[in-house]
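First comes the structure, then the notes that go with it.
All heavy atoms count here, side chains included; hydrogens, waters and symmetry mates do not. None of the values given here were measured: they were computed from a predicted structure. Quick note: residue numbers are just sequence positions, from 1. First listed ligand is number 1; within each ligand, the first listed atom is number 1.
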Amino acid sequence: MATAVTHYTSYKARPFTREEREKVTILFGGLTWKHERLVQGVMKNLNYNAKPLPNISRADLDAGKELIDTGACCPTIFTTGNLVNFLKSEVAATGKQATIDNYVFLTAGACGPCRFGQYHESYEMALDGMGLKDFRLFLLAQDQLDQGKEKGGGLEINMHLSLGIVWAILCGDILTDMEYLTRPYEVTPGQTDKVLQESAEYLYEIFRKRPIHGKKLGALAWHFATGYFADAMRHVRKMWDKVEVNRLQVKPKTKITGEFWLQTHEGDGNYNIKRWLEQEGAEVMPPPVAVWLGYLLHTPIWRLEKKKDKDRRVGLKIAMIKAFERLYVGTYNRFRKAFGNVPYELPDQEELKDLALPFYHYELRGGEGHMLVGKALHAYKHKKANMVCELSPYSCMPNTMSVGAMANVQGRYPDLLYAPIEIKGDAEVHALSRCQMILTEAKKRSQSEFVEAMAKTGLTPEKIRQIEAKRPELKRATYRVPHLGYASTAANYVLHLAGNKNGAHA
Ligand code: SF4
């Protein structure tokens with residue numbers, strides 16, 4: 001007798017209807033609290049109830065491990081556990097059915113060799129384990145700005161939503177740059193965090209009140225052309241003008257790279273390593289989400305270039321992508337300009353590819369691809385940072401390949417200070433002590449840079465204080481110290497004050 005076969009069926013969310021929109025809250029997460037607050041403003045602007053999940057905690061790792069494949073990468077375990085713990089608390093407070101009815105979860109999706117393409121499978125497995133199979137998950141594909149209405153019409157992933165999220169991310173990146181450029185040097189402890197909070201709240205309102213113009217191309221044209229967001233950023237800049245800094249403190253600049261979620265995250269998921277580095281006396285160079293979006297935008301060009309001989313329209317398509325890319329980078333630069341160009345510029349995607357190419361091929365997709373190698377070499381060759389701290393998730397295939405390639409890079413560039421930190425979520429002491437070893441070397445480097453800059457310029461701390469007394473704008477967080485060939489801020493500051501325009505190694 002033939003046995004009945006139960007075929008695998010992929011997850012399908014039950015409909016989220018238009019009528020439910022007023023009473024259902026859309027949950028989301030995965031970025032920093034600043035980005036998430038602005039995204040919340042975008043959702044509110046489109047009349048959705050939305051709220052970010054609580055920030056990741058160590059307890060989320062344990063909850064995730066209990067319910068999904070234990071071989072999963074640590075970001076998958078953390079983020080699944082985060083959703084699980086939130087839903088558990090809701091079930092305890094309001095019961096299963098109310099939790100299923102009152103919330104849906106919106107998460108980014110993709111395809112490719114890494115688990116990012118299968119996050120929703122882990123969520124589904126966890127929901128099944130919790131007896132919440134009917135809870136609804138929706139995917140926001142990273143490469144489709146206009147996905148239309150999800151079944152039921154309660155959620156519409158259209159241009160207004162997607163563009164709002166992208167613009168919120170760009171503004172969130174600028175705020176994050178300002179935060180990490182300022183806090184290590186703030187004169188009044190806590191002032192940076194206070195202004196940051198006020199800035200995020202102000203921008204939340206800007207996104208909540210965003211005017212809705214056009215449909216598809218019309219909405220796109222409005223976002224690129226409007227002064228609405230740049231004006232708001234100029235207003236925020238005035239808040240930062242009030243923060244006083246002391247840039248004569250010598251701190252090694254530490255660039256954070258690594259897997260997307262781990263490098264972006266600020267909390268237990270990466271041992272709060274950015275705050276920890278600051279406490280250890282470093283200045284952190286945070287990774288903007290905008291670089292990842294720039295990568296997604298640029299990579300089709302490389303695929304199209306291979307078809308040039310077969311398809312005559314390829315040239316036109318490439319030109320269109322490049323034009324779109326210029327608008328994208330131009331928008332980011334408008335926001336930087338609103339802050340006096342203090343936030344960092346975005347690296348050129350072609351340069352990242354070329355730097356990485358001898359070590360990691362750009363067609364190897366998955367995770368951050370070749371960018372991990374490219375970013376480390378970019379920081380090293382342009383003297384943008386004294387050291388690179390790379391956050392690698394435990395059990396991540398793409399990242400393991402990059403770390404392997406970095407061994408070759410280090411062989412070629414032995415003085416590149418590189419700290420690859422494997423993050424498991426529960427081995428903090430090992431990870432941080434490993435980072436500390438490289439940080440000690442980076443501190444020596446930043447000290448030597450400072451000593452060299454002082455000797456070269458003949459300035460003394462007293463003379464510098466006199467200059468600052470005459471030019472109080474120098475002590476503002478929004479004063480731009482140009483990059484004059486040193487990695488650390490203090491050395492560049494000294495050179496700048498001496499009026500040396502030729503750079504440290506001229
Ligand atoms: S890049 Fe690695 S850590 Fe990130 S989702 Fe993919 S497999 Fe997991």
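Near P393, meaning under 4.0 Å from one of its heavy atoms, ligand 1 places the atoms 3 (S). Atom numbering of ligand 1 starts at 1 in the shown order; those under 4.0 Å from a heavy atom of G367 are 1 (S). For ligand 1, the atoms closer than 4.0 angstrom to any heavy atom of C396 are 1 (S), 2 (Fe), 3 (S), 7 (S). In summary, the atoms of ligand 1 found under 4.0 Å from a heavy atom of P75, numbered by their order in the structure, are 3 (S).
The distance from atom 8 (Fe) of ligand 1 to the nearest N/O/S atom of C74 is not under 2.8 Å.
Aromatic ring centroids of Y362 and W302 lie under 6.0 Å apart.
Counting only residues at least two apart or in different chains, side chain to side chain donor-acceptor pair (under 3.5 Å) contacts with residues 317-326 comprise H298-E325.
The nearest N/O/S atom of E259 to atom 4 (Fe) of ligand 1 is OE2.
If you check the side chains of Y295 and E368, you find no donor sitting under 3.5 Å from an acceptor. Judged purely by distance below 3.5 Å, without hydrogens or angles, the side chains of Q410 and Y418 never pair a donor atom with an acceptor atom.
With respect to the salt-bridge test (charged N to carboxylate O, under 4.0 angstrom), the residues R275 and D193 qualify.
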